[in-house]
Every structure is written in structure tokens, then in C-alpha cells.
**Q** 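Supplied in C-alpha cells, the structure appears directly below.
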There are 2 protein chains.
Amino acid sequence: MANPTNFFNRSETTMEYDPASPELNQEPELLKTVLNKEGFRFTSQRQKILDLFQSAALGHHLNAEEIHQQLLERGEKISFSTIYRALHVMVRLGLLQELELAEGRKYYELNTPFMDQHHHLVCVHCGNVEEFEDATMTQVGSSESTSRGFSLLNCQFTVYGICPSCQSLLG
Amino acid sequence: MANPTNFFNRSETTMEYDPASPELNQEPELLKTVLNKEGFRFTSQRQKILDLFQSAALGHHLNAEEIHQQLLERGEKISFSTIYRALHVMVRLGLLQELELAEGRKYYELNTPFMDQHHHLVCVHCGNVEEFEDATMTQVGSSESTSRGFSLLNCQFTVYGICPSCQSLLG
DNA sequence: ATGGATAGCGAAAATGATTTTCAATAGTCC
DNA sequence: GGACTATTGAAAATCATTTTCGCTATCCAT
Ligand SMILES: [Mn+2]
Ligand SMILES: [Mn+2]
Ligand SMILES: [Zn+2]
Ligand SMILES: [Zn+2]
């Protein structure tokens with residue numbers, strides 16, 4: 001394996017989004033290919049975790065706890081250590097995206113091609129998350145990073161506020 | 001005090017940025033006023049912590065650990081519990097801004113009027129953070145939130161990438 | 001100013017998400 | 001099939017942050 005020591009230390013590697021291989025997550029057996037290409041092994045656990053995200057609406061902004069729970073509901077018991085390891089690997093491979101939606105935990109969702117990147121509007125009271133797309137966002141991100149010589153990995157625009165229903169609850 | 005139970009649970013209260021009281025952090029004794037207005041008490045610890053941020057370039061994206069350390073260097077020993085409590089209160093009062101620059105810890109900086117809000121470009125390899133301003137960002141944030149009936153609290157645009165010097169190190 | 005009520009302090013213990021350790025297992029490649 | 005070693009699960013370890021609790025200091029009313 002390429003970098004065994006700090007490998008699991010989040011995306012500290014120069015593994016950028018590869019526009020040449022966009023829909024990998026759709027196909028059933030491609031996971032093995034993607035993993036092996038980078039020296040990882042294909043395992044049933046990793047496939048099941050990815051499956052969870054691919055069954056659309058179900059998955060979407062899942063944290064480790066929710067993944068563990070939803071897998072249990074599907075009759076699959078996968079340890080937390082395995083879940084965390086799989087998430088890191090898939091983020092590294094560009095299959096998943098890690099999100100900081102505030103609160104002390106990380107959320108994950110299927111990664112999308114850079115230009116289709118969406119952003120988030122979070123209610124700090126109830127945790128409700130809405131998504132939106134906006135091309136100017138990604139433009140600003142990429143122009144800002146190239147003008148400083150940064151190689152862009154990804155942008156996150158997160159808007160915090162209070163959703164309509166929480167507003168009425170709080171007066 | 002208004003909401004004793006979940007009070008310290010981050011900014012879950014409807015305490016929006018007040019454009020009428022912008023430069024509070026500049027003045028020396030205003031902290032007491034701001035605290036008392038909301039039922040908090042003025043303490044030397046809170047003043048010293050705020051002082052740290054106000055001595056500009058020194059402070060800027062400080063986490064609890066760094067605050068504790070820099071206070072020690074100034075000969076002030078303030079416990080972590082007090083530091084964390086003070087940070088929460090000051091965020092709640094709009095004096096400080098809490099940032100999620102990735103990595104499992106939170107950073108703080110002096111809050112600025114909404115329209116002057118700046119954003120961050122983070123090197124995921126060395127942690128170097130650069131700031132930039134962009135009006136479109138805040139526009140998109142506010143239009144997006146009003147169009148959904150959210151009451152806006154704040155926006156964070158964070159761009160992740162690899163800085164020039166880390167790029168050369170990594171080949 | 002004085003005094004009572006109680007918010008805030010520090011030290012230590014608790015929490016909770018994530019990471020690591022380690023022996024057993026299972027992909028990959030020959 | 002067999003060697004090599006990445007991956008797994010369970011349990012222990014980390015680490016930032018939060019809570020608890022007895023004591024102190026601030027605030028407000030007298
Ligand atoms: Mn999303
Ligand atoms: Mn900043
Ligand atoms: Zn809400
Ligand atoms: Zn760097």
C-alpha cells in the first residue's frame with residue numbers, strides 16, 4: 001500500500017476528483033476495480049456500506065452511527081471500526097464525500113462530479129438539512145484556489161440558520 | 001438566565017447578528033455591558049480570553065488548546081472548562097465566530113459584521129489557512145435562506161486543497 | 001457599602017465520537 | 001493451492017469537549 005503510516009489521516013493525499021471516472025458508484029461490480037486499482041481489497045463489508053448510500057433517499061448525509069443502524073436493519077452486523085475504515089477509504093477514492101454539518105460528528109454522502117457539487121443549509125435547532133446548487137459557488141472556490149496556487153480538492157458552503165418550523169416553535 | 005438546561009448546546013438560540021452593535025469587541029469595558037445585557041456575569045477570565053483574540057494577528061483561528069497555551073505564556077492559567085464555557089458564551093453573544101476548518105476540533109476568531117464576512121482556504125496537508133472575501137458568497141447564502149424561510153445565522157464557505165509548498169513536497 | 005442569591009471557577013471525572021491494537025480471517029496474486 | 005498481508009471484529013485507547021461539584025466572585029437590591 002502506498003502510504004501506510006498516515007494513510008487514515010483524512011484526505012491528506014493528492015487524490016483529486018477524477019473527471020474521467022464519474023459514474024463509478026452506479027455500477028455494481030466496479031467497486032472492486034476502484035479498490036484494487038489503489039491496492040485496496042474488495043470486501044463484502046465495503047460493498048454493503050456503499051450499497052447503503054446507493055439506495056438513494058435512504059442514504060444521504062449518514063453518520064457512522066446511522067450506517068451501523070441501517071445495516072443492522074438490513075440484517076448486516078458490521079463493526080464500527082470497519083465502518084470508519086471503509087468510509088475513509090471511500091472518501092480517499094472519491095466515492096464518498098465527507099461533510100462537516102456542525103455538531104461533533106461527520107456525515108457522508110455519495111460524491112458527485114465537481115461541477116454538480118451541491119451545498120447545504122442547516123437548521124441549527126432541529127438539524128434539518130436542505131441542499132442547493134449554485135454554480136457561482138464552485139467558480140469562486142476554484143478561482144480563489146488557483147489564484148493562490150492551491151490545488152483544489154473540494155469546497156463546502158454551509159449556511160446555518162433556523163428553519164421555518166423551528167422559528168414558529170421558538171416564537 | 002433564559003434557557004438554563006440546553007444553554008451550552010451551541011448556538012441553538014435565536015440570537016442573530018445585530019447590525020446595530022458592530023464594533024463592541026473594540027472597546028475595552030464593553031464586554032461587561034454585553035454580558036450583563038444577557039444575564040451573564042463579567043469575569044476576568046472572559047476578558048482575558050477576549051483580549052487574546054483582540055491582540056489581532058496573534059489570535060486568529062485559535063482552538064481551545066492554543067488559547068490555553070497562549071494564556072499560559074501571558075502568565076494566566078485558566079482551566080479548559082472555563083475556556084470552553086467562555087467561548088460558547090461569546091459565540092452566543094456574537095463576539096466570536098466558531099469555525100469548522102476540518103480536523104476534529106473547533107476554531108474561533110473575532111466575529112465581523114455580516115457583510116464583511118470572510119471565508120477560508122485550507123491546506124488539508126499542512127493545515128495552513130488563508131482567508132478571502134467575496135460578496136457573492138454572502139449574497140447566495142442570504143438569498144438561499146430567505147427563499148426557504150430560514151432565518152440566517154451565518155455562512156461558512158470552506159475550500160479544501162493543497163497549498164503550493166505542500167504540492168512541491170509531495171511531488 | 002453590605003448581604004443574599006447564584007453564575008462562574010477549577011479540578012477531576014465523565015462522555016462520546018473516532019482510532020488503534022491484536023489475533024484471526026480472507027482477498028489477491030503467483 | 002499457497003504465501004503474503006490487508007481487513008475484520010472486539011476491546012481498549014484517544015482526544016476534544018462536557019459535566020459535576022464544592023467553593024468563590026459577581027450582581028443587584030437594600
Ligand atoms: Mn448533500
Ligand atoms: Mn478567518
Ligand atoms: Zn429546524
Ligand atoms: Zn500545505
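We name chains A, B, ... by the order of the sequence lines, and we start the count at 1 in each one.
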**Q** Counting only side-chain heavy atoms from C-beta out, which of C:dG8, C:dA26, D:dT20 sits nearest to A:R41?
**A** C:dA26

**Q** Using whole Å, report how far CD of A:E66 lies from P of C:dT18.
**A**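 Those two atoms, CD and P, are 11 Å apart.
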
**Q** At less than 4.0 Å, is any side-chain N or O atom of A:K32 found next to OP1 or OP2 of C:dT28? Yes or no.
**A**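 The answer is yes; a side-chain N or O of A:K32 sits under 4.0 Å from OP1 or OP2.
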
**Q** Does B:H68 have its ring centroid less than 6.0 Å away from the ring centroid of B:F80?
**A**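 Yes, ring centres under 6.0 Å apart.
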
**Q** Whole angstrom is fine here: how far is it from CZ in A:F40 over to P in D:dT7?
**A** 6 Å

**Q** When the nearest nucleotide of DNA chain C is assigned to A:G104 and to B:S44 on a heavy-atom basis, which residue is associated with the more 5' position?
**A**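 So the residue in question is B:S44.
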
**Q** Compare every heavy atom of B:R46 with every heavy atom of B:R41, then report the nearest pair and how far apart it is.
**A**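 Heavy-atom minimum between the residues: O-NH1, 2.9 Å.
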
**Q** Distance-only, no hydrogens or angles: does the A:T82 side chain make a donor-acceptor pair with backbone N or O of A:I78 under 3.5 Å?
**A** no

**Q** Whole angstrom is fine here: how far is it from CG in A:N36 over to P in D:dA6?
**A** 13 Å

**Q** Below the 4.0 Å mark, does D:dT8 have OP1 or OP2 next to a side-chain nitrogen or oxygen of A:R46?
**A**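 Yes, such a contact exists.
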
**Q** Please state how far atom CZ in B:R85 lies from atom P in D:dC21, giving the value in whole angstrom units.
**A** 14 Å

**Q** Distance check: side-chain N/O of A:Q45 vs OP1/OP2 of D:dG9, anything under 4.0 Å?
**A**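 True: A:Q45 side-chain N/O within range (under 4.0 Å) of D:dG9 OP1/OP2.
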
**Q** Map B:F42 and B:F80 onto DNA chain D by nearest heavy atom, then report which one ends up closer to the 5' terminus.
**A** B:F80

**Q** Without decimals, in angstroms, what is the distance between B:E98 CD and D:dT17 C1'?
**A**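 That distance rounds to 11 Å.
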
**Q** side-chain hydrogen bond (donor to acceptor under 3.5 Å, both in side chains) between A:H119 and A:E130: does it pass, once the steps are laid out?
**A** CA-CA 8 Å; A:H119 303 282; A:E130 301 202 8; over 6 Å; no

**Q** Rounded to the Å, how far apart are B:I67 CD1 and D:dA16 P?
**A** 14 Å

**Q** What's the CD-P distance between A:E103 and D:dT18, to the nearest Å?
**A**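 After rounding, the reported distance stands at 10 Å.
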
**Q** Please determine whether a side-chain nitrogen or oxygen atom of B:T43 lies at a distance below 4.0 Å from atom OP1 or OP2 of C:dC9.
**A**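 Yes, such a contact exists.
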
**Q** Please tell me whether B:E131 and B:H118 have a donor and an acceptor in their side chains that are separated by less than 3.5 angstrom.
**A**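 On atom types as modelled, these side chains qualify, holding a pair under 3.5 Å.
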
**Q** Scan A:R105 against the nucleic acid and name what it touches under 4.0 Å (heavy atoms): base, sugar-phosphate only, or nothing.
**A**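 Sugar-phosphate contact only - A:R105 comes under 4.0 Å of backbone atoms but never of a base.
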
**Q** Using the side-chain heavy atoms of B:Y84, tell me which of these nucleotides is nearest: D:dA11, C:dA12, D:dT17.
**A**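 Per side-chain heavy atoms of B:Y84, the pick is D:dT17.
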
**Q** How many whole angstroms separate atom NE2 of A:H88 from atom P of C:dA17?
**A** 15 Å

**Q** Contact class for B:E65 (heavy atom, under 4.0 Å): base, sugar-phosphate, or nothing?
**A** nothing

**Q** Side-chain N or O of A:K77 versus OP1/OP2 of D:dT8: is the shortest distance under 4.0 Å?
**A** no

